[in-house]
Amino acid sequence: MALFEARNLDCRRGGRDVFAGLSFSLPAGGALLLTGANGTGKSSLLRLLAGLLRPVGGAILWDGQPIDAEPGDHAARLHYLGHLDAVKPVLSAKENLRFWAALRGRAASIEPALDHFALSALADIPGRLLSAGQHRRLALARLLASPAELWLLDEPSVGLDHASVGKLAEAIAKHRAGGGRVVVATHMALDMPGAEPLSLDALAPPPLPEMVW
Amino acid sequence: MHRFANPARFTRIADRVLPFVAVAALASLGIGFYLALFVAPGDYQQGESVRIMYVHVPSAWMAMFIYVAIAVASAVALVWRHPLADLAAKASAPIGAGFAFLTLATGSLWGRPMWGTWWEWDGRLTSMLILFFLYLGHIALMHAFEDQQRGYRAAAVLALVGVINIPIIKFSVDWWSTLHQPASVLRLDGPTIHASMLWPLLITALGFKLYYLVLVLLRIKSELIAARLRALDLAKLSAT
Amino acid sequence: MSGLVLIVGRDLRLALRQSADAWLAVLFFVLTGALFPFGIGPEPSLLKLIAPGVIWVVALLAVLLSLERLFLADYEDGSLEQLLLSPLPLELAILGKVLAHWLTTGLPLIAAAPLLAVLFNMDMAGLGVLLLAMLLGTPILSLIGAIGAALTLGARRGGVLIPLLVLPLYIPALIFGVGATDAALAGLSARPDLMLLAALLLVMLVITPLAGAAALRQALE
């Protein structure tokens, strides 16, 4: 079974070193829980893992292959959920979801995905009328609408009510039971049994007093 | 690569090279302008005003040369992400814009006695005007972002798009100007230019190149110092 | 290929549901064009002379007006990230978005051009060539504009910056576009100018996906 791993990652943002020497490996069915204070680079790490950012040092490997060797393949195997929900105000909830699922080209299951996050009743409501929490649920429904092996979730529970957080935990558990992997950054309690914690607090590099580019 | 690319080493080398380049620039500009103003003959048609050429033509060459240099630096910056290439592109653009402006100003001064107007939509001058606009766009984009890295990358992409488009623009402007008016009076690129005019031209052109080198080195050095100040601020920030 | 169709379909649907935007560009086109007679006087022979030039310049400005929203909404709501992480190559996604932009901006301008031609008393013998040149030229404006729109994402005053980046690059399309129409009106062959426009279109069809993808990637870093 393929291994997803990071070796000695260095990350720099805006001329500042965010973290250095970060390594982990994540087997099938595994979960990684990123913790750390604000500004320690949880979001940056997720963007690195998605391939949106390039590390200044180190490597991210899937099955021993660097992810930037075949960026298209890497994109096809992951779902990335950032701070933004990518919901178009003039499209209905269903249209929004259907577009993203169709773009990924796999057998899409729109209805069950909407149903899981209790959006079925809102399927025909345009995005602009949905609340922030409903936007978030619609974004989460993308995870279920088309399958992907790796989920990268940045504060997935922001704006969610208690029931929806439970639904999210349920979806993650089911994803992992099927051999899926998940990397989550969250401040809120999220029920993920057996999740590997990874604290970024200890990985902040010492401030460099010398000249940097 | 970035961690180890050492700005201190660049500064050391630049400091060692700078005095020589500066002296060479001064010498070639001095000799070049002396030859241009006192030794080279006037033109039988244009009289003394032809001496504007010794500033106008090397400036035009520099304006084009520097844009190509920026494009090369941009390609290096995008492919290898070498920070020095970013700095070189950023440092060069205002100098190139300055030379383009000098070309336009001297062209206008030269054109006044020739055409009787301060501005003529001559093919070459028009192309230079567009190049000047391309420089302004590059400089504006370079400074349009809170994050300097984004400015570097965006401006680098723009420079590459620009350098591909420059031949197209040049061709289209020539196409347009030959359609609308006779060929320029400022044509100098014939092989018949006399040696007494060619030498001063080449020497001032060399002087301009060296002057550009001095300016670029100085500007990169000051950028490095500014970057160091920013890094110290950030270090303070993460220490608190 | 089906991904490209999906993107065009989505953008067209978005544009149709916010159709005010598309109308705005056409309205701007006609209104700005109609200003010229007030500026230079209603002399029919003069208007006739400048008609192709005015129509082209005004079309160019109308396209410019619509460029900012090409990627901005997708950038701000996170769709661009998702697009970048979809299996569809970003280059194709950009072509899809540009095609949708042209269908909602360039095509309506072409449809409105005969109106300005009439207002400017243009010789109707040149109308066919004017429309053909616009058919080749307005996609070039969308393609070049897309690079400018992608480069200015997240910039301070991005909307003001786009014209500064894009207008100098528009000059060849303007020259050949007006050249074709002028040639036709003068009874000459418009073929050379039209061929040059077509060549420029092909060049930009290659450059825009590459430069646009590089620009979008760095914008999302």
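All chains are named by letter (A, B, ...) in the order of the sequence lines, taking the proteins before the strands, and each is independently numbered beginning at 1.
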A/Glu95 bridged to C/Arg10 by N-O distance under 4.0 Å: no
Any side-chain heavy-atom pair of A/Leu53 and C/Leu220 under 4.5 Å: no
Winner by heavy-atom pair count (cut-off under 4.5 Å) against chain A, out of C/Arg217, C/Arg13, C/Gln18: C/Arg13
For the student: nearest non-hydrogen atoms of C/Ser86 and A/Ala75, plus distance: O-CB, 3.9 Å
Atom pair CG/CG of A/Leu103 and C/Leu85 - distance to nearest 0.5 Å: 11.0 Å
Electrostatic pair C/Glu221:A/Arg13 at N-O distance under 4.0 angstrom: no
Proximity breakdown for C/Leu80 and chain A, heavy-atom pairs closer than 4.5 Å: neither
Under 4.5 Å from a heavy atom of chain A, the part of C/Ile7 involved: both
Choice from A/His74, A/His83, A/Arg54, A/Arg142 maximising heavy atom contacts with chain C below 4.5 Å: A/Arg142
Test item: C/Glu76 and A/Leu84 side chains (from C-beta on) under 4.5 Å apart, heavy atoms: no
Check: A/Arg104 and C/Leu88 side chains under 4.5 Å, non-hydrogen atoms: no
C/Ser79 OG to A/Lys88 NZ distance, which is reported to the nearest 0.5 Å: 4.0 Å
Enclosure of C/Met124 CE (heavy-atom neighbours >12, cutoff 6.0 Å): yes
Side chain to side chain, A/Val90 and C/Leu14, heavy atoms closer than 4.5 Å: yes
Backbone of A/Tyr80 reached by a side-chain donor or acceptor of C/Gln82 within 3.5 Å: yes
Greater than 12 external heavy atoms within 6.0 Å of C/Arg69's CZ: yes
Non-hydrogen side-chain atoms of C/Leu6 and A/Trp100 separated by less than 4.5 Å: no
Heavy-atom contact with chain A under 4.5 Å, split by part of C/Ala73: both
Donor-acceptor pairs under 3.5 angstrom involving side-chain atoms of residues 126-138 of chain C: please list them, not counting sequence neighbours.
unit_1   : atom_1 : unit_2   : atom_2 : d
C/Thr138 : OG1    : C/Trp102 : NE1    : 2.9
C/Thr138 : OG1    : C/Met134 : O      : 2.6

Validation row: A/Asp85, C/Asp77 side chains within 4.5 angstrom (heavy atoms): no
